[in-house]
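This chain uses plain numbering: 1 for the first residue, then up along the sequence. As the structure is a prediction and not an experimental result, all values here were calculated from the model.
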Amino acid sequence: MAEIIFRSKLEAQRFYNHLLKYLPLNPDNHNILLLEDRHIVKILDGGLPIDIFDWIKTAFYDFITNIKRDDWFREIMKEKFYYEDVEEQQQIIEIIYSVLDGQRKDLAVFIKETSMEPDHIREAIDHIFQDNISFSFDSFLKFRLRPYLQSLESFVEIAIDEYKMEQEYQMFVQMLREFLANREPKMDILHLLFDEEITFYNELFVEIKRGELTRMIDRKLLVNHPVYVDSASIAPLLSLAPTTIFIYTKDPDEPLVRTIKNIFEERVTIKTFAALREQKKWASEKNSLDNQG
């Protein structure tokens with residue numbers, strides 16, 4: 001027999017429903033009981049196959065690591081970091097899951113070994129589920145799974161830092177879009193080559209030298225936004241405000257490429273290095289014809 005005592009009737013109901021869905025049992029099975037007034041889920045061993053307790057332990061593990069995990073993430077955000085807005089919480093949770101799913105290795109390195117291994121959680125569950133055991137769910141968490149709860153705090157902390165950076169980035173992009181909206185284009189077409197460094201070309205593929213670019217920069221950009229604006233790329237682009245920008249790159253997901261695309265939006269077209277060779281060839285032939293004329 002196992003008896004799990006929850007903090008509230010709602011929590012007991014959630015686990016009871018989860019257990020019935022998770023296990024190959026009939027919902028009318030009298031060996032799985034919900035004592036609502038005492039917030040207890042009771043599992044009677046009489047009449048249950050022995051291997052069913054393995055299913056029960058697996059269901060309990062899943063309840064902790066999946067169903068309750070989001071609750072704890074939100075609780076940590078609210079109580080420790082004072083994020084009470086539900087939409088903000090959801091955005092932070094999405095960042096957390098991008099780390100858990102292995103999509104954000106750049107963030108996972110900061111968490112190091114703070115996350116509790118699944119085997120440790122399973123060992124704690126195996127230890128607590130013994131013959132005729134009665135235990136409090138909250139006490140089990142506090143004394144057996146403290147490292148796990150601490151690891152959840154680490155995930156939340158890293159995700160909040162990333163969320164703040166993303167918010168600042170969006171403000172930065174919007175600020176530069178507004179600056180761009182008030183600029184008259186100084187060029188129709190600009191070509192950008194992203195290789196070991198960034199090279200600017202005019203519409204005829206004549207390179208615009210760094211000194212010339214520097215002279216073109218609107219000084220208000222560097223005075224008003226010195227921290228955010230890169231004088232080697234963003235500042236010249238905003239100052240020239242070209243109608244069309246062709247970017248030639250091997251990596252369209254490079255951060256600076258994405259930033260330029262986010263600022264200039266529909267003005268930007270991403271192309272390959274092969275396309276660059278074709279464009280240069282076309283520009284060279286056009287120059288020759290113009291010179292002959």
For this session: Can you sort out the partners of Asp161 under salt bridge (charged side-chain N to carboxylate O under 4.0 Å, His left out), two or more places apart, ordered by chain and number?
Result: none

Exercise. Can you name the residues that form a salt bridge (charged side-chain N to carboxylate O under 4.0 Å, His left out) with Asp71, not counting sequence neighbours?
Worked result: Arg14, Lys68

[X] versus [Y], closest heavy-atom pair with distance:
X: Asn262; Y: Val173; value: O-CG1, 3.7 Å
X: Ile128; Y: Ile133; value: O-CG1, 3.2 Å
X: Leu180; Y: Ile263; value: CD2-O, 4.0 Å
X: Ala12; Y: Ile40; value: CB-N, 4.1 Å
X: Lys261; Y: Val268; value: NZ-O, 3.9 Å
X: Gln13; Y: Leu34; value: OE1-CD2, 3.2 Å

Hphob cluster co-occupancy, [X] + [Y], side-chain heavy atoms under 4.5 angstrom:
X: Phe143; Y: Ile4; result: no
X: Leu10; Y: Phe63; result: no
X: Phe264; Y: Met171; result: no

For this session: For the residue pair Phe140 and Phe60, categorise the inter-ring angle as parallel (less than 30°), tilted (30 to 60°) or perpendicular (more than 60°).
Result: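 Tilted, since the angle between the ring planes falls between 30° and 60°.
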
Give a yes-or-no answer on whether the side chains of [X] and [Y] include a donor-acceptor pair shorter than 3.5 Å.
X: Asn182; Y: Glu178; value: no
X: Tyr16; Y: Glu36; value: no
X: Thr65; Y: Tyr148; value: no

Exercise. Taking the six-membered ring for Trp, is the centroid-to-centroid distance between Tyr201 and Phe246 below 6.0 Å?
Worked result: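 No - the distance between ring centres of Tyr201 and Phe246 does not fall below the 6.0 Å cut-off.
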
Problem set entry | Centroid-centroid distance, Phe155 to Tyr97, less than 6.0 Å | no

For this session: Look only at the side chain of Arg267 and the backbone of Pro242, and say whether a donor-acceptor pair between them is shorter than 3.5 Å.
Result: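 Yes; judged by distance alone, with no hydrogens or angles, the pair exists.
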
Can you tell me how far [atom2] of [Y] sits from [atom1] of [X], rounded to the nearest 0.5 angstrom?
X: Ile125; Y: His120; atom1: CD1; atom2: NE2; result: 13.0 Å
X: Leu35; Y: Leu33; atom1: CG; atom2: CG; result: 6.0 Å
X: Leu256; Y: Ile247; atom1: CG; atom2: CD1; result: 8.0 Å

Problem set entry | Heavy-atom side-chain contact between Ile158 and Val99 under 4.5 Å |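 No; the side chains remain at least 4.5 Å from each other.
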
Salt bridge present between [X] and [Y] (N-O < 4.0 angstrom):
X: Arg183; Y: Asp218; answer: yes
X: Lys42; Y: Glu3; answer: yes
X: Asp253; Y: Arg258; answer: no

Is the [atom1] atom of [X] crowded by more than 12 outside heavy atoms at less than 6.0 Å?
X: Lys186; atom1: NZ; result: yes
X: Glu157; atom1: CD; result: no
X: Arg7; atom1: CZ; result: no

For this session: Applying side chain to side chain contact (heavy atoms under 4.5 Å, CB included), run through Ile43 and Leu19 and close with a yes or a no.
Result: CA-CA 10 Å; Ile43 302 150; Leu19 197 56; 4.1 Å; yes

For this session: Write out all pairs satisfying side chain to side chain donor-acceptor pair (under 3.5 Å) with one or both partners inside residues 237-252, taking only residues at least two apart or from two chains.
Result: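 Side chain to side chain donor-acceptor pair (under 3.5 Å) check on residues 237-252 returns His191-Tyr248.
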
Problem set entry | Trace of the side chain to side chain contact (heavy atoms under 4.5 Å, CB included) decision for Glu153 with Lys80 | CA-CA 9 Å; Glu153 285 193 16; Lys80 187 168 183 180; 2.7 Å; yes

Problem set entry | side chain to side chain contact (heavy atoms under 4.5 Å, CB included) between Val257 and Phe194, worked out | CA-CA 8 Å; Val257 173; Phe194 275 74; 3.8 Å; yes

For this session: Decide side chain to side chain contact (heavy atoms under 4.5 Å, CB included) for Gln167 and Gln91; before the verdict, give the C-alpha distance in whole Å, the side-chain angles of both, and the deciding distance to 0.1 Å.
Result: CA-CA 11 Å; Gln167 292 298 103; Gln91 291 181 52; 4.2 Å; yes

Exercise. When you look at Gln89 and Asp85, which way does the side-chain hydrogen bond (donor to acceptor under 3.5 Å, both in side chains) test go after all the steps?
Worked result: CA-CA 6 Å; Gln89 290 178 357; Asp85 183 81; over 6 Å; no

